[in-house]
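These numbers come from a predicted model, not from an experiment.
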Amino acid sequence: MQIYRSDSREDTVSFAAEFAKTLPKGAVIAFLGGMGAGKTAFVTGLALGLGIKDDVSSPTFAICNRYETDGRVLYHFDMYRVNGWDDLYTTGYFDCIESGAYVAVEWAENIFGALPDDCVVIDIKKLSDNGREFRICNKEEIK
């Protein structure tokens, strides 16, 4: 398990950009953490680290945003409103994780059983208004 502490959104984005460079192609990154924890800020950094310069926004209403550059694709899911397998199938999630693209999943606790066994889990704890702790581990370490 790796633990990273951040004192600002900028720190989070910078760390996530470097972290993205360590990910294998097709990695699934599952985020656990409440509202305002920093999930979208981390995904912003992931996108930058993958060379994606698009503005990253929360896919709360769209459920999935797709970003692409130079053959690298990042699917960014928000599973906050997903309640059960029927809902999950309608999102296109399974097609995305089988596509070889990077997949970032916010509110992954709502679909934990559907996450690949080899996914990277990032459990976020809000320490203060700006402070965050990111516990980076595998799925087995969360159970």
Side-chain angles (χ1 to χ4, degrees), residues 2-23 25-139 141-143:
Q2 178 182 3
I3 296 176
Y4 175 75
R5 287 188 178 88
S6 170
D7 292 319
S8 68
R9 183 180 194 286
E10 294 76 20
D11 286 348
T12 298
V13 170
S14 178
F15 171 75
E18 289 304 311
F19 178 74
K21 296 173 186 175
T22 70
L23 293 171
K25 183 177 182 194
V28 174
I29 306 96
F31 294 92
L32 309 175
M35 200 76 68
K39 298 177 292 288
T40 301
F42 203 102
V43 176
T44 297
L46 286 177
L48 287 171
L50 296 173
I52 297 169
K53 304 221 183 325
D54 296 338
D55 288 333
V56 171
S57 62
S58 176
T60 300
F61 298 105
I63 297 185
C64 181
N65 291 335
R66 182 180 188 274
Y67 306 101
E68 180 176 8
T69 191
D70 298 328
R72 285 182 300 274
V73 177
L74 171 64
Y75 290 102
H76 179 196
F77 282 91
D78 185 317
M79 299 299 186
Y80 183 76
R81 295 179 293 142
V82 173
N83 297 308
W85 288 96
D86 289 341
D87 281 354
L88 183 57
Y89 279 108
T90 66
T91 67
Y93 166 77
F94 293 105
D95 292 331
C96 293
I97 63 171
E98 293 173 4
S99 71
Y102 296 90
V103 178
V105 183
E106 295 190 24
W107 297 99
E109 51 268 59
N110 291 354
I111 65 155
F112 202 80
L115 294 169
D117 289 339
D118 64 347
C119 72
V120 175
V121 177
I122 301 178
D123 189 10
I124 307 170
K125 181 179 178 184
K126 191 172 181 180
L127 303 174
S128 65
D129 285 346
N130 296 315
R132 303 291 185 271
E133 179 180 271
F134 299 89
R135 287 183 23 205
I136 302 167
C137 56
N138 62 46
K139 194 174 172 184
E141 292 175 293
I142 292 296
K143 289 182 179 176

In short, R72 meets G51 closest at the heavy-atom pair NH2-CA, 4.0 Å
Donor-acceptor check, side chain of K126 to backbone of G38, threshold 3.5 angstrom: yes or no?
no
Does any part of the side chain of Y80, heavy atoms only, come nearer than 4.5 Å to the side chain of I63, both counted from C-beta?
no
With a 3.5 Å cut-off and sequence neighbours excluded, list the donor-acceptor pairs that the side chains of residues 94-102 form with protein atoms.
unit_1 : atom_1 : unit_2 : atom_2 : d
S99    : OG     : C96    : O      : 2.6
S99    : OG     : A101   : N      : 3.2

For residues N138 and C119, determine if any side-chain heavy atom of one lies less than 4.5 Å from a side-chain heavy atom of the other.
no
Heavy-atom side-chain proximity of Y67 to L50 below 4.5 angstrom:
no
Apply side chain to side chain contact (heavy atoms under 4.5 Å, CB included) to residues R5 and F134 and explain how you reach the verdict.
CA-CA 6 Å; R5 287 188 178 88; F134 299 89; over 6 Å; no
Is there a side-chain contact between V105 and Y93 (heavy atoms, below 4.5 Å)?
yes
OG1/T91 to CG/D86 distance, rounded to the nearest 0.5 angstrom?
11.5 Å
Pair R66 + E68, salt bridge at N-O below 4.0 Å
yes
Is there a side-chain contact between I29 and V103 in this structure, where contact means two heavy atoms from C-beta onward sitting under 4.5 Å apart?
no
Atom of N110, atom of V82 and distance for their closest heavy-atom approach:
CB-O, 4.0 Å
Within the distance-only criterion (no hydrogens, no angle test), does the side chain of R132 pair as donor or acceptor with the backbone N or O of D129 below 3.5 angstrom?
yes
Would you say V13 and D11 make side-chain contact, with heavy atoms under 4.5 Å?
no
Between SG of C137 and CD1 of I122, what distance do you get to the nearest 0.5 Å?
9.0 Å
The reported gap from CG in D87 to CD1 in I111 (rounded to nearest 0.5 angstrom) is 11.5 Å
K39 versus I124, closest heavy-atom pair with distance
CG-CD1, 3.7 Å
About how many Å separate OG1 of T60 and CG of N65, when rounded to the nearest 0.5 Å?
9.0 Å
Under a 3.5 Å distance rule, please check whether T44 uses its side chain to pair with a backbone N or O of T40 as donor and acceptor.
yes
Verdict with supporting geometry, V121 and E141, side chain to side chain contact (heavy atoms under 4.5 Å, CB included):
CA-CA 9 Å; V121 177; E141 292 175 293; over 6 Å; no
Could you tell me whether the side chains of S8 and N130 share a donor-acceptor contact shorter than 3.5 Å?
no
Over 60° means perpendicular and under 30° means parallel, so classify the ring planes of F15 and F19, tilted if in between.
parallel
Contacts of type side chain to side chain contact (heavy atoms under 4.5 Å, CB included), residue C64, not counting sequence neighbours:
Y75, F77
Would you compute the distance between atom CG of L46 and atom NZ of K21 and round it to the nearest 0.5 angstrom?
12.0 Å
Answer whether the closest heavy-atom distance between the side chains of L32 and I142 falls below 4.5 Å.
yes
pair E109-M79: side-chain heavy atoms closer than 4.5 Å:
no
Judged by atom type as modelled, is there a donor-acceptor pair below 3.5 Å linking the side chain of R9 to the main-chain atoms of F42?
no
As an exercise, state the distance from CG of D118 to CG of L115, rounded to the nearest 0.5 Å.
10.5 Å
Could you go step by step and tell me if K53 and T69 meet the side chain to side chain contact (heavy atoms under 4.5 Å, CB included) rule?
CA-CA 8 Å; K53 304 221 183 325; T69 191; over 6 Å; no
Write down the atom of A114, the atom of W85, and the distance for their closest heavy-atom approach.
CB-CH2, 3.5 Å
